[in-house]
Amino acid sequence: MKIATYNVNGINGRLPVLLRWLDEAAPDIVCLQELKAPQDRFPQAAIEAAGYGAIWHGQSRWNGVAILARGCDPLETRRGLPGDPTDEQSRYLEAAVDGVLVGGLYLPNGNPRPGPRFDYKLRWFDRLEARMAELIGMDAPVVIAGDYNVMPNELDVHKPERWVDDALFAPEVRAAYARLLDQGWIDALRTLHPDERIYTFWHYFRGAFERDAGLRIDHHLLNPVAAKRLAGAGVDRFARAWEKTSDHAPVWITLD
DNA sequence: ATGTCTACCACAGGTAGA
């Protein structure tokens, strides 16, 4: 079973890229982020024609997450993180697919730091930590995948010294991510490729992709039951090279 | 500091986010 996460940066603008990638990569489950479309502008017909059932949580202009499942409809288990009823942002969806519980998330960017956006990021992280504490011990495999907006370690940043004050690499944020690992979650790609420089995002500016000046910010965290079945993990860099593509590349894992 | 790209709303391009 192949489970992918892909920050599409606008699902309607990227629809040709997304459909091409679905066709070439044939993932079983996909978590999408940054739909940048209101609820009624999700391209359901095109996704369905590609063979995927979908649930989504849209939002005008920003954010927006979806879960796709090949040949079936994801069974939604949660929409939004618990812990703050005033939070209107569409950043978390959870569903059961084929016996696997999948969480798809789009963690707040948090820049500029310090500031209210950064505070929101830390609060959101606290709520995620609480939800993931509830999920880690499940008997079923659990995969929490998405754009975490965190580079966990220096190996995950092309120029770590330039990012120390940024909300994606700040000590508080790396500590929050480390607390998830302390709960027992496994960073799938890093576990299978402990020493490799692997990026999932490259800025549009200044030829970042051509220079491979990237970041690893899209992750799959696996509970122990899922980790036992982990067989492979990788980044579909080829899709980042396409015309009119997202600034992120799709990231995937395979479970036996 | 800069750079590039997106969507919205609405029909131009200003604005905000990443």
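Quantities reported herein were computed from a predicted structural model and do not represent experimental measurements. Just so it is clear: chains get the letters A, B, ... in the order the sequence lines come, proteins before strands, and each one is counted from 1.
- Proximity of Leu101(A) to Met138(A): side-chain heavy atoms (C-beta onward) are separated by under 4.5 Å at one or more points.
- Tyr106(A) comes within 4.0 angstrom of sugar-phosphate atoms only, judged by non-hydrogen atoms across all strands, and of no base.
- dT6(B) atom P lies 9 Å from atom CG of Asp247(A), rounded to whole Å.
- The C1' atoms of dC8(B) and dG3(B) are separated by 23 Å, rounded to the nearest whole Å.
- Using P as the reference atom, dA12(B) and dG17(B) are 26 Å apart when rounded to the nearest Å.
- Judged by distance alone, with hydrogens and angles left aside, the side-chain atoms of Arg70(A) form no donor-acceptor pair with the main-chain N or O of Tyr52(A) at under 3.5 Å.
- Using atom P as the reference point in both dT2(B) and dA7(B), the two lie 25 Å apart (nearest Å).
- Under 4.0 Å is where a charged nitrogen must lie from a carboxylate oxygen, and between Arg127(A) and Asp87(A) at least one such pair does.
- Residue Arg117(A) places at least one side-chain N or O under 4.0 Å from the OP1 or OP2 atom of dG17(B).
- Ala208(A) comes within 4.0 angstrom of nothing in the nucleic acid, heavy atoms only.
- Atom P of nucleotide dC8(B) and atom CG of Asn12(A) are separated by 7 Å, given to the nearest angstrom.
- Closest contact between the side chain of Trp62(A) and the listed nucleotides dG17(B), dT6(B), dA1(B) involves dG17(B).
- Between dT6(B) and dA1(B), the distance separating the two P atoms is 26 Å to the nearest Å.
- Going from atom CZ of Arg61(A) over to atom P of dA18(B) covers 13 Å, rounded to whole Å.
- Between Arg211(A) atom CZ and dG3(B) atom P there is a gap of 14 Å when expressed in whole angstrom units.
- Ser60(A) has no side-chain polar atom (N or O) that falls below the 4.0 Å cut-off from OP1 or OP2 of dA7(B).
- Relative to the side chain of Arg41(A), the nucleotides dG3(B), dT6(B), dC9(B) differ in distance, and dC9(B) lies closest.
- No side-chain donor-acceptor contact under 3.5 Å links Thr200(A) to the backbone of Arg216(A).
- Put simply, Lys36(A) has no side-chain N or O that comes within less than 4.0 Å of OP1 or OP2 on dA18(B).
- In this structure, Leu35(A) places its CG atom 15 Å from C1' of dA18(B), rounding to the nearest Å.
- Separating the CG atom in Leu93(A) from the CZ atom in Arg78(A) is a distance of 11.0 Å, to the nearest 0.5 Å.
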